Amino acid sequence: MNRTHRTELLSFIILAIVTVPAALASCLQSQSQEQTPDSCAPAHVKQIEQDAASGSASAQRELADLYAQGRCVAQDYAKAASWYRRSAEQGDPEAQFQLGEFFLEGKDVPQDPAQAAEWFRRAAEQKHHGAQYALGGLYSQGRGVPKDLVKSYEWVRISSPKLDRHTRDVLATLAKKMTPAQVDDAEKQAETWIVAHGETAQ
Amino acid sequence: MSDQDDAKALVDDFEKRTAPNSWPHLTRSEVASGLRSRIDDPDNIDQGNTSLCGPADFTRDIAEDRPKDYARAVIQLFETGGTRIGDLDIRPGHDLRGHILSAGAGIAQVDWIILASIRDSDNWFFDYQSESDDASAITMPHSKESWLKKAGYREVINDTNAVACKDLPNAIRASSLFSQGYKVALFINANMLSADDMNDVSLTPDHWVALTKPIKVQSFNVAHPGTLNEDPNSRVELEVYSWGKTVAVPPGGKRLTDYHFRCNYYGFIACRR
């Protein structure tokens with residue numbers, strides 16, 4: 001090991017010692033923020049339950065979130081899936097996305113990538129960027145849908161109208177496996193979708 | 001006698017018997033020989049060209065922590081066609097037991113019998129005619145979490161994404177838990193393990209590996225989570241069990257930046273014995 005390597009190693013260790021606890025503290029802080037006592041007050045949880053039972057899609061999704069995360073109530077994926085479904089069937093895009101993830105993972109529902117793709121699609125059509133990205137992922141692997149790199153590229157591109165760096169790099173990875181004509185086709189389809197849905201492409 | 005000695009005694013008895021055999025295309029001596037090798041070194045468990053990395057990582061945990069349970073499970077599967085590890089019931093279907101393993105699968109009989117059985121018992125669609133790599137058959141985190149809980153592991157923490165990358169604090173938490181004595185499996189895209197592909201940005205996870213040393217992170221972004229900016233001077237280094245051996249990441253002494261690490265990292269599952 002030469003001097004340069006020793007210096008690099010030393011700065012590496014110092015940075016890790018300094019930064020790791022800070023990051024952990026930040027991580028723990030964000031977790032504790034999610035679980036403030038007020039949001040778990042029995043009256044608040046009961047209100048969500050009542051609203052959910054009365055048919056409020058947002059309350060149904062909120063209640064599903066509590067069960068999915070084990071926040072304020074005991075974690076129960078089956079109840080979470082049930083409430084996500086009720087909310088999703090009313091058209092709540094976040095609930096549709098979450099329900100898609102449940103089917104993708106088989107969280108107390110039968111693992112079913114085709115159902116996952118269908119719920120991702122419904123949310124994606126409502127401009128849910130996470131669902132659009134997820135749908136792109138399923139098309140890239142042929143999970144629950146036929147493998148189709150053009151559609152994969154298209155949905156990933158749609159998921160980020162401003163084209164952030166991560167998306168740009170994912171698209172570059174996909175493009176390596178496609179012909180220039182396919183990339184061009186996918187770009188045009190995505191741009192049409194973005195414009196038609198009132199978003200501004202970059 | 002150690003647990004490993006007990007496990008090997010079970011294998012010795014198993015090899016002396018001549019029946020029964022629930023897997024007509026697998027041979028007792030080959031399974032016995034494979035068992036001994038894996039009792040000595042659980043890292044020898046290798047899914048080869050199949051998509052059974054999730055079961056491989058789980059089985060390695062069992063072989064490492066409870067070698068006798070591991071040996072008994074494989075032996076019972078071979079002889080009776082079913083077994084239990086804790087509350088995890090492993091009952092492969094008739095089709096799987098009758099399947100002729102192709103040479104191209106690159107997987108030892110002793111690994112196939114338990115890894116494919118775990119997957120089969122999970123009621124996941126499995127193409128018995130093709131053991132070749134199939135990303136669509138990746139074990140999902142919830143399945144793996146469930147196996148660990150049923151097998152008797154405690155404090156199972158599942159912090160994974162099935163469709164989007166995780167950030168550096170997640171990886172640091174995984175490393176911290178490993179340092180505290182947890183067993184930690186990382187959900188990644190195998191790009192991370194390849195010198196040629198580690199800077200490709202993945203869209204989905206496709207591989208499970210086990211952490212074998214704490215993760216070393218040098219990055220400005222550690223203190224600024226939630227961004228996908230690259231610190232060009234950053235460096236992430238780790239060591240994992242994957243495909244039957246321990247490997248360094250990044251491979252070949254290259255530099256893996258925080259950005260490219262995160263773009264192939266999808267979280268972790270940790271548990272205690």
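This structure is a prediction, so every number in the text was calculated from the model and none was measured. Throughout, protein chains are lettered first and strands after them, A, B, ... in sequence-line order, and every chain is numbered starting at 1.
Residue A:Lys147: no heavy atom, backbone or side chain, is found under 4.5 Å from chain B. Neither the backbone nor the side chain of B:Ser175 has a heavy atom closer than 4.5 Å to any heavy atom of chain A. The contact between A:Leu174 and chain B is made entirely by side chain atoms (from C-beta outward), counting heavy-atom distances below 4.5 Å.
Here ring pair (Phe, Tyr, Trp, His ring centres under 6.0 Å) pairs that include residues 162-204 of chain B, with residues two or more places apart or in two chains, are B:Phe187-B:Trp208.
By the side chain to side chain contact (heavy atoms under 4.5 Å, CB included) test, A:Thr192 pairs with no residue at all, sequence neighbours left out. A:Lys177 meets the side-chain hydrogen bond (donor to acceptor under 3.5 Å, both in side chains) test with no other residue; sequence neighbours excluded.
For the residue pair B:Asp61 and B:Tyr153, no side-chain donor N or O sits within less than 3.5 Å of a side-chain acceptor on the partner. Side-chain atoms of B:Asp196 and B:Ser194 include no donor-acceptor pair closer than 3.5 Å.
Taking 4.5 Å as the heavy-atom cut-off, the residues of residues 89-102 of chain A that approach chain B are A:Phe97, A:Glu101, ordered by number.
Under the 4.0 Å criterion applied to side-chain N and carboxylate O atoms, A:Arg71 and A:Asp65 are not assigned as salt-bridge partners.
Annotation for A:Lys127: atom NZ counts as buried by contact number, over 12 foreign heavy atoms lying within 6.0 Å.
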